[in-house]
Amino acid sequence: MRLYKLYFLLFIGLSLVSFKPIENTTTSIYFASDKEQLETLIRKAYEWIETKKTQDDFEVIANKKGDKYVGLNVKTHNKIVEELKKSNFFAQQFIDNYNKIGLKIGDNLKNNKMEYFVGDLPPYGNDSNPWCDCQDNPEAFWKTLKLNNLKIENNKATFYWTWTEWKETPKYKVTAVKENGIWKIAALDGFNYKSFLGL
């Protein structure tokens, strides 16, 4: 009987010792560092932006003469806003800001606070792609995006991304926030409301 109890206690002891490393191994596999999570977020988000998202940000419509833009294509704009929501890459504050920019462009064109003639450059933005603040980019650049100057405080992260394929690369500022424990993009430098609209 004593021998049975000894074997039983030995089995329990070995079980407890053997389970602990398994727990630690599982933790290290499934819980990546914040930097790794943010890098994955940025790479997946830019792959989605470049390959899946409707490309016409703030698409405008011309008047009957076809010589001047007089409003925002609200149907396309609403479609993109919905795509941003469903992608799960963007925090609500980014989506709200993107929507606000589009609606303001539409209002300004409609009320002649902004003039935009067909064939001219738009009177908003900076003639670059606002998603990367660039006019050209390497193919599949999202695969090698790197994070620099990462600062995290109270579930808010700020950093710059760069790509590695070309010597000249944007130094593009991003703010991310944790929503329900998941990092999401809260602000992108190219979509700053005031600078984009020239306010």
- So, W163 and N137: side-chain donor and acceptor under 3.5 Å apart, yes or no? no
- Message: Less than 4.5 Å apart, side chain to side chain, heavy atoms only: is that true for L145 and Y46?
- Response: yes
- With Y172, the ring pair (Phe, Tyr, Trp, His ring centres under 6.0 Å) member among F159, W161, Y160: W161
- Item | K184 to F90, cation-pi by 6.0 Å centre distance and 45° axis angle | no
- Task: For N154, look at atom CG and say whether over 12 heavy atoms of other residues, nucleotides or ligands are found less than 6.0 Å away.
- Result: no
- Item | Side-chain donor-acceptor contact under 3.5 Å, T175 with T158 | no
- Query: Under the 3.5 angstrom rule, does the side chain of S87 hit a backbone N or O of F89 as a donor-acceptor pair?
  - Reply: yes
- Find out if a path of hydrophobic residues (ILVMFWY) with successive side-chain heavy-atom gaps under 4.5 Å connects L150 to L188. yes
- Item | Side chains of D96 and Q92, donor plus acceptor under 3.5 Å | yes
- Assess the side chains of N155 and W183: does a donor N or O sit below 3.5 Å from an acceptor N or O? no
- Query: Can you tell me if D133 and N129 form a side-chain donor-acceptor pair at under 3.5 Å?
  - Reply: no
- Centroid separation F58 to Y98 less than 6.0 Å: yes
- Item | Short side-chain to backbone donor-acceptor contact, E47 and K143, under 3.5 Å | no
- Query: Is there side-chain contact between L109 and V60, with heavy atoms separated by less than 4.5 Å?
  - Reply: yes
- Can you list the steps and then say if D107 with K113 is a side chain to side chain contact (heavy atoms under 4.5 Å, CB included)? CA-CA 8 Å; D107 286 345; K113 288 181 181 175; over 6 Å; no
- Take F141 and E50 through the side chain to side chain contact (heavy atoms under 4.5 Å, CB included) test and state the conclusion after the steps. CA-CA 10 Å; F141 68 90; E50 292 292 316; 3.8 Å; yes
- Does NZ belonging to K79 count more than 12 external heavy atoms closer than 6.0 Å? no
- Query: So do N73 and H77 actually touch side chain to side chain, heavy atoms under 4.5 Å?
  - Reply: no
- Cation-pi check, K68 onto Y116 ring (under 6.0 Å, within 45° of axis): no
- List the steps, then state whether side chain to side chain contact (heavy atoms under 4.5 Å, CB included) holds for L147 with V174. CA-CA 10 Å; L147 271 58; V174 180; over 6 Å; no
